[in-house]
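Just so you know, these numbers come straight off a predicted model, no measurement behind them. For the numbers below, each heavy atom of this structure counts, side chains included, while hydrogens, waters and symmetry mates do not. Reminder, nothing fancy here: chain letters follow the sequence lines and each chain counts from 1.
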Amino acid sequence: MSDDIAERVKKIVVEHLGVESDKVTEDASFIDDLGADSLDIVELVMAFEEEFNVEIPDDAAEKITTVKDAIDYIRNVKAA
Amino acid sequence: MRRIVVTGLGLVTPLGADVETAWKNILASKSGAGTITRFDATDYKCRIACEVKPADHEYGFDPNLRVDHKVQRQVDPFIVYGIDAAGQALEDAGLTDASEEERYRMGCSIGSGIGGLPGIESESLVLDRKGPSRVSPHFVHGRLINLISGQVSIKYGLMGPNHAVVTACSTGAHSIGDAARMIRDGDADVMLAGGAEGAICPIGIAGFAQARALSTNFNDAPEKGSRPYDKDRDGFVMGEGAGVVCLEEYEHAKARGAKIYAEVIGYGLSGDAYHVTAPHPEGSGAFRSMEMALKKSGLSLEDIDYVNAHGTSTPLGDELELGAVRRLFGDDLKKMSMSSTKSAIGHLLGGAGAVESIFCILAMRDQIVPPTLNLDHPSEGCEGVDLVPHVAKEREVRAVLNNSFGFGGTNASLIMTRV
């Protein structure tokens, strides 16, 4: 189940940022490694919210800077 | 005085997404019209349009050639078409590797008539159905009209004037004329100039149909819908795409040994001051626009061999333009040819003036004028004018006049000549 979350997150990142899937490692930073800007991250967070049916408040969204941050956040919310 | 020449061309049209393919299909009397595929138009009064074809089509458009995947997702189709056409023009001119110093003197003037209507429509529905927090963060800058010029400047590092005209269906012609002036006035040495449109969406078709502007009698024969000057014409067929030219100061172009297609020598503009959608009943704005362009060009009427008409296939507009052309040309009318390529690719609105200027340039290059399709029964006002019915015609083409007129009563005319 948790692997499923990771895969779905990565798929969204690939689709939205137009990057090769092998570049989307868990350590990858959206801005530094994947060429995103701040608006792209807003859009990514919206896509995560939609995909996982969760709400990610702005202050939490600001702390999501890597692929792993996103996966962890969603796992935690889903586990709660 | 600084002279302005054309050194690069770029086209995305319903009949081809590069200059040579589109031109070949225009000369072969093909039509880009068909039943609307972008959305289910079953319940619409107008169900036909000239759509840009998908990449797998014989003459389709592949957005991946010049537009980043991420940008494609964020912006409306008119911006994608515009970026691609601008890239084609810059490549054709051989200026993609310009130095930083040169790029300070290179700018963009690429406009649109309506801009991102499909995206405004779809995000409005998102707002209504899902609430404000679901609206895309790219909503605004993915729809704004000046974002072709913005995107192109970022992609190619063009740091000169960054401008975008919005004058409805005159946009493309005004863009070229205004950009030529920027070069003439010394603001830049090179300008990518033109227009784009991508408004084939439910609200776009419904809106123009409600304004009684679109053809509605040819839903079962889409290729017959755009028929300028024909007795059975009943409105325009909406097209989409983009046209961009690379304008360059003559000495600059000569110094680097650039291929020179044409010189922009006359630009005229006027306002009808009459009605928001209907043209002036005596065609006075159209007449004054052409007259001004002619005066600026220093040419005589007998020098102009081809007129690419605004000729949208609306009942009122075509004959009023023809009347204005008749009054202007007088006895020289019988020597020139005049056609409307909207009969083949529909009305590209903000892209029309630029796309049609490119057809004018190609007519001079190849000494052949493109046809007016579907001109089966010319209306009475057409007598004595060679409207090039049905098939292209080889003839001498020394100088050309392109007309574009828009809602709001805005008129623009360009005169170009061979160098």
Taking heavy atoms only and a threshold strictly under 4.5 Å, list by residue number the residues of residues 16-35 of chain A that touch chain B; give 'none' if the list is empty. A:His16, A:Leu17, A:Gly18, A:Gly35
Can any side-chain N or O of B:Asp76 pair as donor or acceptor with the backbone N or O of B:Phe78 at less than 3.5 Å? no
Counting only heavy atoms not in B:Ile203, do more than 12 sit closer than 6.0 Å to its CD1 atom? no
For residues A:Phe48 and A:Tyr73, establish whether the separation of their ring centroids is below 6.0 Å. no
Within the distance-only criterion (no hydrogens, no angle test), does the side chain of B:Thr167 pair as donor or acceptor with the backbone N or O of B:Thr171 below 3.5 angstrom? yes
Under a 4.5 Å heavy-atom cut-off, does chain A meet the side chain of B:Gln72, its backbone, both or neither? neither
Side chain to side chain, B:Pro132 and B:Leu127, heavy atoms closer than 4.5 Å: yes
Let's test your reading of the structure: which of B:His69, B:Arg73, B:His138 forms the most heavy-atom pairs below 4.5 Å with chain A? B:Arg73
Are B:Glu58 and B:Lys53 packed together at the side-chain level, in the sense that at least one heavy-atom pair is separated by less than 4.5 angstrom? no
A quick test of your reading: do over 12 heavy atoms of other residues, nucleotides or ligands sit less than 6.0 Å from NZ of A:Lys68? no
